[in-house]
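Take a look at the structure below.
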4 protein chains.
Amino acid sequence: MPKNTDRRTRILDAAEELFAVDGFDATPTARVADAADVPKGLVFYYFPRKIDLLLTLLQERLPTPSKASVADVVRRGDPAASLLAMHRRLGLEDHDSLVLRTIIFRESGTHPEVRDHLRKLRRSLVELTETALEQAAEWTVAKKLRRQAAETFVSVMLDHANARRAGGALPDVQGAAAVVALAIGAPTPA
Amino acid sequence: MPKNTDRRTRILDAAEELFAVDGFDATPTARVADAADVPKGLVFYYFPRKIDLLLTLLQERLPTPSKASVADVVRRGDPAASLLAMHRRLGLEDHDSLVLRTIIFRESGTHPEVRDHLRKLRRSLVELTETALEQAAEWTVAKKLRRQAAETFVSVMLDHANARRAGGALPDVQGAAAVVALAIGAPTPA
Amino acid sequence: MPKNTDRRTRILDAAEELFAVDGFDATPTARVADAADVPKGLVFYYFPRKIDLLLTLLQERLPTPSKASVADVVRRGDPAASLLAMHRRLGLEDHDSLVLRTIIFRESGTHPEVRDHLRKLRRSLVELTETALEQAAEWTVAKKLRRQAAETFVSVMLDHANARRAGGALPDVQGAAAVVALAIGAPTPA
Amino acid sequence: MPKNTDRRTRILDAAEELFAVDGFDATPTARVADAADVPKGLVFYYFPRKIDLLLTLLQERLPTPSKASVADVVRRGDPAASLLAMHRRLGLEDHDSLVLRTIIFRESGTHPEVRDHLRKLRRSLVELTETALEQAAEWTVAKKLRRQAAETFVSVMLDHANARRAGGALPDVQGAAAVVALAIGAPTPA
DNA sequence: AATGAATGAGAATTCATTCAT
DNA sequence: CATGAATGAATTCTCATTCAT
């Protein structure tokens with residue numbers, strides 16, 4: 001509950017946007033201040049070191065996807081559709097998450113403080129996907145296979161988020177959902 | 001062609017190493033020169049702009065994986081093993097490729113010149129994987145499914161390369177290979 | 001006179017301590033406020049400019065050593081012991097004086113406002129020492145020699161105060177007392 | 001034997017002057033560059049960190065007073081005159097030494113790297129003065145007394161150097177020389 | 001009377017790039 | 001060809017000081 005939500009928030013908004021587009025290192029704090037329309041000094045008033053901008057962004061704005069938020073998009077009997085819906089939900093429930101994940105990826109190699117967030121994100125995504133698969137499959141799936149399927153799909157989602165910023169061709173998430181569904185024994189789609 | 005191959009090469013070697021570890025932006029040309037044990041001026045003599053170092057690295061050192069190089073690792077009847085072998089081969093045939101891919105990922109968002117390489121890499125990887133799947137499967141696989149399966153596996157490989165540098169938990173490539181194999185109809189492994 | 005003596009005093013206490021340890025220029029007012037546990041604004045409420053902190057410190061806290069305070073430490077017939085006792089008394093009668101002298105030395109070069117205090121301090125110390133020597137010597141000492149002896153000893157005391165903060169080896173005040181005593185004709189110590 | 005003596009030297013000259021007058025902390029590197037009439041970047045080319053300017057100054061320019069240099073100013077039989085001559089020689093043989101000592105004093109409290117220099121300076125001055133006293137006195141002086149006398153005079157010299165920059169009244173070096181001479185048994189001057 | 005958010009003028013430092021030799 | 005001295009624009013960060021409340 002930060003006070004002065006107005007300006008502090010505007011700074012974070014600007015940083016989020018710029019970091020995602022240009023990268024953390026390539027974004028001068030001065031540009032953040034400009035974009036937020038606040039004086040340069042104010043950025044450092046709220047975030048003493050530049051890295052604090054990034055850290056705060058991750059701490060305050062990176063939502064840990066909750067199982068609850070996914071449960072209701074699962075379509076029993078249709079794992080492929082369920083995965084797709086989950087993916088859409090994860091990416092859509094707030095525009096932030098994608099942007100922030102984008103940042104995590106790029107910076108985690110260079111900024112060790114950011115790594116934990118990436119680790120956590122992957123782990124929680126895997127768990128989430130496992131749950132989704134579990135609920136969607138009306139038949140029994142071996143635990144190990146389910147985990148492998150979940151990890152596969154998570155890789156695709158992350159690669160997708162990554163490719164989006166990298167500007168390359170986007171991987172085919174829908175295709176991957178179908179592949180994974182088949183792998184765990186879903187009936188061949190008509 | 002270039003004379004003094006020695007020193008030019010040493011510069012590229014150093015750049016490759018440093019860019020991979022610290023990132024392109026965070027690596028001063030002076031450090032490249034130091035690491036290569038050449039005078040600072042020589043770096044700019046060979047590579048007038050810093051970005052040329054990166055571009056040259058991609059042009060000269062990023063191998064387009066060849067179908068031929070993969071053909072002989074395919075094990076007919078065992079797509080999972082084939083994919084895994086291919087992945088290993090891709091990663092091993094030269095240590096460089098991984099390092100360079102790492103770079104591509106990080107920089108392609110910020111340096112547009114790098115994007116094409118990423119695009120090309122993904123495309124050729126997908127083709128390669130498709131070929132591998134085609135050769136490995138003794139049964140018929142629908143073209144579309146094969147493509148989707150290939151793309152899925154490529155995502156996992158790229159995510160793997162990416163996660164390695166990001167320092168997070170590595171995705172389970174072996175599991176993904178199994179999942180993809182199942183999806184295209186491989187018999188359940190004993 | 002000042003109300004809220006409490007907080008104003010705490011600010012001065014903190015400033016005195018920090019200025020002595022880190023130097024005036026290197027001590028941000030914010031640190032003073034922190035150390036004093038008062039809001040930052042209050043420092044400027046009481047001391048509109050930073051330099052006022054220093055000036056106030058000198059005006060309110062730098063005691064002009066009084067002849068009276070020294071008279072009773074003089075041991076007639078033993079100038080060396082008297083000087084030493086005086087030195088001890090000057091340093092002990094309040095911990096502040098040393099700290100503040102330390103500050104004067106460092107800042108007087110840079111902050112002209114501080115110079116006068118240093119001048120005054122030296123003069124009053126010389127007078128004091130002269131008095132001490134006069135009272136301690138049971139024999140006649142030429143006025144000029146007494147003055148020179150006093151100045152010599154004052155130099156040693158100041159150098160001592162200075163060296164203490166500078167961290168160097170401390171000059172031998174006791175030895176100097178002996179030397180000065182001899183110079184004005186004290187009998188060679190047994 | 002630094003090359004490009006010209007500009008590097010000019011930078012050191014400027015730094016020496018400014019540091020002595022305004023203090024190290026209060027002198028921006030930009031002012032040094034201006035005074036030396038070189039671009040700002042060149043200062044950091046030669047002296048990567050600001051403190052290196054100071055350290056280099058001490059290492060390259062602070063002469064350790066040599067016994068030889070003093071031997072020939074000693075006047076046998078007249079310790080007072082000898083000390084005075086020594087003092088003059090120390091201060092005059094180059095204007096630098098005084099300036100640099102001035103700097104040492106001010107900064108040694110705040111910059112630990114500078115302390116050693118101060119320690120060394122004091123020690124070598126004491127040794128020098130002892131030698132001077134030994135050579136000047138035609139009579140026997142107890143070793144301990146000689147040491148105390150030397151230390152006393154060194155304190156006065158240092159206090160003198162210090163007072164000069166602090167702007168206060170200068171201590172009477174001549175008087176101190178007389179006092180010290182008397183203390184070690186010199187005949188009362190006519 | 002008291003405060004803490006706000007500001008902007010520097011400060012040190014970095015570095016790609018140039019260029020005289 | 002090769003080089004390392006030189007440059008200055010850009011960047012992060014600091015802090016005394018102001019002022020609305």
Side-chain angles (χ1 to χ4, degrees), chain A residues 2-8 11 24-34 36-53, chain B residues 2-4 7-8 11 24-34 38-53, chain C residues 2-4 7-8 11 24-34 38-54, chain D residues 2-8 11 24-33 36-53:
Chain A
K3 302 135 198 175
N4 279 308
T5 309
D6 218 31
R7 307 178 82 188
R8 186 176 180 280
I11 292 172
F24 175 77
D25 289 327
T27 304
T29 51
R31 268 239 319 277
V32 174
D34 271 3
D37 196 32
V38 300
K40 205 163 30 115
L42 198 61
V43 173
F44 285 93
Y45 177 73
Y46 284 119
F47 310 96
R49 301 162 310 155
K50 188 188 177 186
I51 189 82
D52 291 328
L53 266 176
Chain B
K3 303 141 200 172
N4 265 317
R7 306 172 83 191
R8 187 178 179 279
I11 293 173
F24 176 76
D25 289 328
T27 303
T29 50
R31 269 246 306 287
V32 174
D34 268 7
V38 300
K40 203 169 18 149
L42 197 63
V43 174
F44 282 90
Y45 178 71
Y46 284 124
F47 310 96
R49 300 163 309 156
K50 187 187 179 189
I51 190 79
D52 292 328
L53 266 177
Chain C
K3 301 142 201 170
N4 267 319
R7 305 171 82 190
R8 187 177 179 280
I11 292 172
F24 176 76
D25 288 328
T27 304
T29 50
R31 271 250 302 289
V32 174
D34 268 7
V38 300
K40 202 169 20 151
L42 197 62
V43 173
F44 282 89
Y45 179 71
Y46 283 124
F47 310 96
R49 299 163 311 155
K50 188 187 178 188
I51 190 79
D52 291 329
L53 267 176
L54 182 52
Chain D
K3 304 132 196 178
N4 278 306
T5 309
D6 217 32
R7 308 178 81 189
R8 185 177 181 280
I11 292 172
F24 176 76
D25 289 327
T27 303
T29 50
R31 271 245 308 286
V32 174
D37 195 31
V38 300
K40 203 163 31 111
L42 197 61
V43 174
F44 285 92
Y45 177 73
Y46 285 119
F47 310 97
R49 302 163 310 156
K50 187 187 178 187
I51 189 83
D52 291 328
L53 265 177

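Numbers restart at 1 for each chain; the letters A, B, ... are given by sequence-line order, proteins then strands. Note: hydrogens, waters and symmetry copies are ignored here, and every other heavy atom, side chains too, is used.
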Residues two or more places apart in sequence or in another chain: which of them pass ring-ring contact (aromatic ring centres under 6.0 Å, His included) with A:F24?
A:F19, A:H111
Going by ring-ring contact (aromatic ring centres under 6.0 Å, His included), name the residues that satisfy it together with C:F44, two or more places apart in sequence or in a different chain.
none
Could you tell me whether the phosphate oxygens of E:dA2, OP1 or OP2, come under 4.0 Å of any side-chain nitrogen or oxygen in C:R8?
no
Side-chain N or O of A:R31 versus OP1/OP2 of F:dT12: is the shortest distance under 4.0 Å?
no
With a 4.5 Å heavy-atom cut-off, do C:R7 and C:P39 have their side chains touching?
yes
What's the separation between atom CD1 in A:I11 and atom OG1 in A:T29, rounded to the nearest 0.5 Å?
10.5 Å
Please name the pair of heavy atoms, one in A:K50 and one in A:D25, separated by the smallest distance, quoted to 0.1 Å.
NZ-O, 3.7 Å
Minimum heavy-atom distance B:P28-B:A26, with the two atoms named
CD-O, 3.3 Å
Which string of ( ) [ ] | and . matches DNA chain E, if you list each base 5' to 3' and count Watson-Crick or G-U pairs only when both distances are under 3.5 Å?
.||||||||||||||||||||
Calculate the interatomic distance between A:L42 atom CG and F:dC13 atom C1'; express it in whole Å.
14 Å
Length of the OH-C1' vector between D:Y46 and E:dA12, whole Å
20 Å
Only counting residues at least two apart or in another chain, list the ones meeting side chain to side chain donor-acceptor pair (under 3.5 Å) with C:D52.
C:R49
In the 5'-to-3' direction, what one-character label does each nucleotide of nucleotides 13-19 of chain E receive under the scheme B = base within less than 4.0 Å of a protein heavy atom, S = sugar-phosphate only, - = no such atom?
BBSSBB-
List for me each residue that meets side chain to side chain contact (heavy atoms under 4.5 Å, CB included) alongside A:A33, sequence neighbours excluded, and say none if there are none.
A:V38, A:V43
